[in-house]
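These notes are about the structure you will find just below.
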Amino acid sequence: MRRRAGGVSLPDSMKFWSQYFIPTLKESPADAEIPSHKLLIRAGLVRKLGGGLYTFLPLGLRVMQKLTQICREEIERGGGIELQMPHVHPAENWQQGPRWAAAREIMFRVDSAGDGKRGPREPEYVLGPTHEEVITPLIRAEITSYRDLPKNFFQIATKFRNEIRPRFGLMRAREFVMMDAYSFDTTDQGAIKSYQAMKTAYENFFRRIGAQAIAVEADTGVMGGSFSHEFMIPAEIGDDDILYSEASGYAANREKATSALVPADLPAAEPAGAVEEFATPGIVTIAALASAPYSVPGDKQFKTLVYIGDGKPFLVVLRGCDELEEAKLGSLGFGVFRPATPEEIEPVMGAKPGSLGTVKGTIKNPDALAGIFADQAIRLVGNGVTGANKDGFHLRNVNVQRDLAVTRFGDFRRVQAGEPDSISGQPLMLRRGIEVGHIFILGTKYSDKYGAVYTDDQKQNHPMVMGCYGIGISRTLQAIIEQGHDADGVVWPWNAAPFHVLICVLDPQLPEAMDLAKKLGAAAESAGADVLIDDRNERPGVKFKDADLIGIPLRLTIGGKGLKEGIFELKWRTSKDVAKVPLAEAEARIATAVREAQAKA
RNA sequence: CGGGGUGUAGCUUAGCCUGGUAGAGCGCCUGGUUUGGGACCAGGAGGUCGCAGGUUCGAAUCCUGUCGCCCCGACCA
């Protein structure tokens with residue numbers, strides 16, 4: 001692979017469209033909904049084999065090769081060592097690991113396709129959805145000394161996940177290309193260092209490929225701490241909500257986001273009077289209580305939710321106007337939890353949902369509860385209204401401090417756009433994003449299970465501290481298109497483009513036109529560009545439409561008319577301007593253009 | 001896996017309600033005229049109407065089942 005300053009080129013020489021294979025389509029297939037999916041197909045990048053299964057056509061493959069090469073370079077700069085693990089894993093590896101039960105639902109099993117013999121009940125082999133279960137036993141066997149740590153191994157390989165619902169082309173596929181890295185350190189501090197190196201490598205990778213990706217704090221699940229970031233490419237069709245502040249640089253997945261809605265020094269409210277029961281026949285929603293004749297606004301109500309955690313009910317108290325962010329309940333330490341059913345609620349609380357509350361002494365069977373967890377924001381209510389745990393009745397003048405039974409306060413509510421950022425105090429903004437990368441400190445979850453231990457300089461054994469890191473390369477390809485397209489087609493960033501320069505020869509039957517095309521192509525190549533020459537016998541309109549559709553950054557146009565004037569045209573995909581370039585300046589202008597593009601990329 | 005939709009030529013689709021030998025556009029092939037933003041004329045090839053049953057003299061059309069695909073939900077790179 002030739003390498004020029006900042007850019008990446010593939011090792012082959014210029015391609016001629018008539019000899020190559022770029023099947024473009026005027027119309028989108030009916031099964032594509034979003035722009036990037038339509039363009040993947042229309043620009044001749046991929047073709048579908050089945051749900052979530054795609055063939056990369058030559059153009060698409062070239063983009064993949066560019067992305068994987070840049071990824072490889074950046075992960076190596078971040079300390080990664082490349083290797084390649086099998087796609088087919090013995091099921092035993094997974095059975096010995098910590099997540100076989102959870103993961104097997106999305107795993108493909110592998111047996112003989114032979115006829116007449118049914119596969120065994122338990123799979124002998126599975127296709128790898130990720131590789132902790134392979135790398136950890138490998139490292140356990142090969143590394144035993146602190147002298148050989150830290151290490152960070154990565155591969156760029158196809159992954160298999162039998163997604164219940166593949167979606168949006170490459171966005172959620174059953175088979176996809178991912179860079180996955182696994183770091184092994186002797187200490188937590190070392191793991192954090194490896195993590196930071198990967199974070200930097202990711203930032204470099206996304207910047208080089210021309211993707212505007214942002215690192216956001218992500219839900220760490222059982223791990224706790226702040227050691228998980230997701231890399232998101234902002235896009236309307238994304239699956240995740242990101243809350244962010246440009247003023248402070250704060251950005252977090254909605255599952256994790258916090259705000260400064262509740263001032264740290266908020267004084268406890270003075271009681272407004274004695275707690276008082278009042279009848280609310282048939283009123284079982286926040287909205288109903290907020291309207292006449294009761295007219296209690298949502299932010300003056302307490303909302304009481306009942307969940308079952310590891311078999312035991314627990315309560316979550318929020319402001320009436322707030323939504324629960326379920327992922328935040330992960331911090332409570334339950335293995336599994338779910339909303340309780342009305343049948344489970346009544347015996348514990350003494351009322352049906354709609355009349356629940358946590359005022360001391362009103363809960364029918366408080367001993368059954370695993371805890372009462374209140375969101376901080378209820379302190380803003382001060383004195384409010386809550387259910388009386390008696391169907392058809394509520395309580396008013398309920399004071400948080402004086403009246404509510406609370407095991408512990410925490411952050412359980414879903415943050416909304418517009419709330420003040422905890423750092424800058426400016427309003428948080430909201431946008432949708434596509435998750436293209438994730439970095440995570442694993443701790444010793446896998447090293448414990450597989451016995452991956454090292455001996456320190458005191459001859460003591462310790463489990464290695466692991467981190468894992470993933471970049472969805474094929475998903476990133478599509479995210480780049482989602483981020484970079486217009487009404488006419490793809491607009492490739494320089495470093496991700498399948499070719500950098502497209503030379504449109506409008507009159508390919510003229511030998512002097514083709515000679516010039518090859519000459520300009522050679523000039524572009526020697527400046528470090530990948531070149532495609534459109535030498536097809538098509539009308540100019542067809543060529544221009546296809547050029548815009550496949551989105552090559554720099555277009556050079558050679559026509560019979562221009563040849564007579566001694567000029568060709570130079571046009572960037574991102575601009576409407578067409579520059580007429582005298583043939584005498586051809587080489588210099590092309591070299592300058594290519595170098596400028598490389599420098600900006 | 002739950003809810004909704006859909007399956008007709010390589011692609012986009014009409015026809016289905018109200019059963020009677022399957023139509024168009026794009027693309028493709030041949031010839032001609034064209035040639036700076038998806039040309040035009042003439043001719044041509046291409047479809048067991050997803051599959052399997054059923055109703056009927058007769059099914060793309062009605063019924064049942066099944067499979068594929070798409071969208072919404074939970075999950076993920």
Side-chain angles (χ1 to χ4, degrees), chain A residues 23-34 37-38 41-42 44 47-53 67 71 102-103 105-107 128-131 156-181 202 213 218-219 221 230-233 237-240 253 255 326-327 338-339 433-440 468-479 488-489 504-510 513 536-549 555 557-565 568-569 571 576 578 580:
Chain A
T24 57
L25 258 36
K26 268 193 210 176
E27 290 179 288
S28 305
D31 61 10
E33 286 256 321
I34 63 172
H37 188 189
K38 290 177 180 169
I41 314 273
R42 287 190 55 211
R47 285 294 183 268
K48 182 166 73 178
L49 173 64
L53 301 170
L67 298 182
C71 183
E105 290 309 314
I106 56 133
M107 292 175 74
T130 171
H131 282 70
I156 299 174
T158 303
K159 297 284 185 267
F160 302 88
R161 291 185 194 174
N162 195 2
E163 290 289 347
I164 298 158
R165 187 183 159 210
R167 223 195 310 210
F168 296 149
L170 301 178
M171 209 58 92
R172 187 186 308 176
R174 288 200 163 101
E175 187 182 314
F176 58 97
V177 175
M178 181 165 106
M179 186 294 299
D180 50 320
Y202 275 40
D219 180 40
E230 285 171 356
F231 282 75
M232 305 285 232
I233 291 187
I237 56 98
D239 281 346
D240 294 84
N253 189 308
E255 293 182 351
E326 239 182 49
R338 59 168 174 84
I434 300 163
E435 182 186 351
V436 287
H438 201 160
I439 56 179
F440 209 100
C468 70
Y469 317 91
I471 294 177
I473 303 284
S474 42
R475 176 183 282 185
T476 299
L477 184 158
Q478 187 171 345
D488 295 315
C504 276
V505 187
L506 299 185
D507 303 285
Q509 73 284 0
L510 298 176
R536 293 175 300 166
N537 271 314
E538 290 288 352
R539 298 166 56 84
V542 172
K543 296 189 167 202
F544 291 143
K545 286 290 183 188
D546 272 347
D548 289 342
L549 180 57
R555 188 181 88 193
T557 307
I558 297 169
K561 291 176 186 170
L563 276 181
K564 284 183 190 137
E565 299 171 36
F568 69 94
E569 291 168 2
K571 179 186 173 300
K576 288 213 183 322
V578 177
K580 293 187 191 255

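Because the structure is a prediction, the values reported are computed rather than measured.
- Among the atoms of the strands shown, base atoms are found under 4.0 Å from some heavy atom of A:Val542.
- Atom C1' of nucleotide B:G37 and atom NZ of A:Lys576 are separated by 12 Å, given to the nearest angstrom.
- For B:G37, its base sits under 3.5 Å from the side chain of A:Arg555 at one donor and acceptor pair at least.
- For the pair A:Asp546/A:Val542, a side-chain contact is recorded, criterion being any heavy-atom separation below 4.5 Å from C-beta on.
- Spacing of C1' atoms, B:U34 relative to B:C17, comes out at 46 Å, to the nearest Å.
- Rounded to whole Å, atom C1' of B:C76 lies 16 Å from atom CD1 of A:Ile471.
- In this structure, of B:G36, B:C69, B:U34, it is B:U34 that holds the atom nearest to the side chain of A:Arg539.
- Minimum heavy-atom separation, A:Val436 to A:Ile233: CG2-CG1, 3.8 Å.
- Nucleotides B:G44 and B:A52 place their P atoms 32 Å apart, quoted to the nearest Å.
- Heavy atoms of A:Glu163 sit under 4.0 angstrom from at least one base atom.
- Note on A:Arg161: every side-chain N or O is 4.0 Å or more away from OP1 and OP2 of B:C76.
- As rounded to the nearest Å, B:U21 and B:C26 have P atoms that lie 27 Å from one another.
- Between B:A45 and B:U30, the distance separating the two P atoms is 15 Å to the nearest Å.
- Look at B:G68: its Watson-Crick or wobble partner, with both distances under 3.5 angstrom, is B:U6.
- For the pair A:Leu506 CG and B:G38 C1', the interatomic distance rounds to 14 Å; values are reported in whole Å.
- Contacts of A:Gly51 with the nucleic acid, taken as non-hydrogen atoms under 4.0 Å apart, involve only primed sugar atoms and P, OP1 or OP2.
- If you check every strand for non-hydrogen atoms under 4.0 Å, A:Asp240 touches a base.
- Within the 4.0 Å cut-off from OP1 or OP2 of B:G36, not a single side-chain nitrogen or oxygen of A:Lys543 is found.
- The base of B:C75 has none of its N or O atoms less than 3.5 Å from a complementary donor or acceptor on the side chain of A:Arg165.
- Base pairing of B:C28: its partner is B:G44, meeting the Watson-Crick or G-U wobble criterion (both donor-acceptor distances under 3.5 Å).
- Look at the P atom in both B:G47 and B:G10: the space between them is 8 Å, to the nearest Å.
- Remark: the separation of the C1' atoms in B:U61 and B:C49 is 10 Å, to the nearest Å.
- Shown here, B:G53 forms a base pair with B:C63; the pair counts as Watson-Crick or G-U wobble because both key distances fall under 3.5 Å.
- The distance between atom CE of A:Met107 and atom P of B:C76, rounded to the nearest whole Å, is 16 Å.
- Residue A:Asp507 is out of contact with every strand shown, counting any heavy-atom pair closer than 4.0 Å.
- At a threshold of 4.0 angstrom between heavy atoms, the contacts of A:Phe168 are confined to the sugar-phosphate backbone, with no base atom among them.
- If you take CG of A:Leu25 and C1' of B:A9, they are 15 Å apart, rounded to a whole angstrom.
- Atom P of nucleotide B:G27 and atom NZ of A:Lys26 are separated by 4 Å, given to the nearest angstrom.
- If you take CZ of A:Arg475 and P of B:C75, they are 14 Å apart, rounded to a whole angstrom.
- Counting non-hydrogen atoms under 4.0 angstrom, A:Glu569 reaches a base of the nucleic acid.
- If you check every strand for non-hydrogen atoms under 4.0 Å, A:Asp180 touches nothing.
- Rounding to the nearest 0.5 Å gives a distance of 5.0 Å between CG of A:Asn162 and CZ of A:Arg174.
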Could you give the side-chain donor-acceptor pairs of residues 26-34 of chain A under 3.5 Å, partners two or more places apart or in another chain?
unit_1: A:Asp31; atom_1: OD2; unit_2: A:Lys48; atom_2: NZ; d: 2.5

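- Within the 4.0 angstrom heavy-atom criterion, no nucleotide atom of any strand lies near A:Ala547.
- Comparing A:Gly169 and A:Met178 against RNA chain B, the residue whose closest nucleotide sits nearer the 5' end is A:Gly169.
- For B:A39, the paired base is B:U33 (Watson-Crick or G-U wobble, both distances below 3.5 Å).
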- Task: Would you please test A:Glu435 and A:Arg475 for side-chain contact (heavy atoms from CB on, under 4.5 Å) and show each step?
- Result: CA-CA 9 Å; A:Glu435 182 186 351; A:Arg475 176 183 282 185; 4.2 Å; yes
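- Between the A:Arg161 side chain and the A:Pro129 main chain, a donor and an acceptor come within less than 3.5 Å of each other.
- Here the separation of B:G15 from B:C1, taken at their P atoms, is 33 Å to the nearest Å.
- With both ends at atom C1', the span from B:C16 to B:A74 equals 36 Å, rounded to whole Å.
- Residue A:Arg42 is in base contact, counting any heavy-atom pair closer than 4.0 Å across all strands shown.
- The residue among A:Glu33 and A:Glu255 whose nearest nucleotide of RNA chain B lies closer to the 5′ end is A:Glu33.
- Nucleic acid contact for A:Gly562: base, since at least one base atom lies under 4.0 Å from a heavy atom of the residue.
- A:Ser28 comes within 4.0 angstrom of sugar-phosphate atoms only, judged by non-hydrogen atoms across all strands, and of no base.
- Of the side-chain N and O atoms in A:Lys561, none sit less than 4.0 angstrom from OP1 or OP2 of B:U35.
- When all heavy atoms of A:Phe568 and A:Thr557 are compared, the pair lying nearest together is CB-O, 3.4 Å.
- If you measure from atom CD of A:Glu538 to atom P of B:C40, you get 14 Å, rounded to the nearest angstrom.
- Annotation: the span from A:Glu538 atom CD to A:Leu506 atom CG amounts to 12.0 Å, rounded to 0.5 Å.
- Residue contacts for A:Arg536: at a heavy-atom cut-off of 4.0 Å it reaches no nucleic acid atom on any strand shown.
- With a cut-off of 3.5 Å on both Watson-Crick or G-U wobble distances, the partner of B:A77 is given as none.
- Heavy atoms of A:Glu27 sit under 4.0 angstrom from at least one base atom.
- Scanning both residues, A:Gly560 and A:Leu510, for their nearest heavy atoms gives CA-CD1, 4.1 Å.
- Both thresholds, 5.5 Å between centres and 30° between ring planes, are met by A:Phe176 relative to the base of B:A77, so the two rings are stacked.
- Of the candidate nucleotides B:A77, B:G38, B:U35, B:U35 has the atom nearest to the side chain of A:Pro540.
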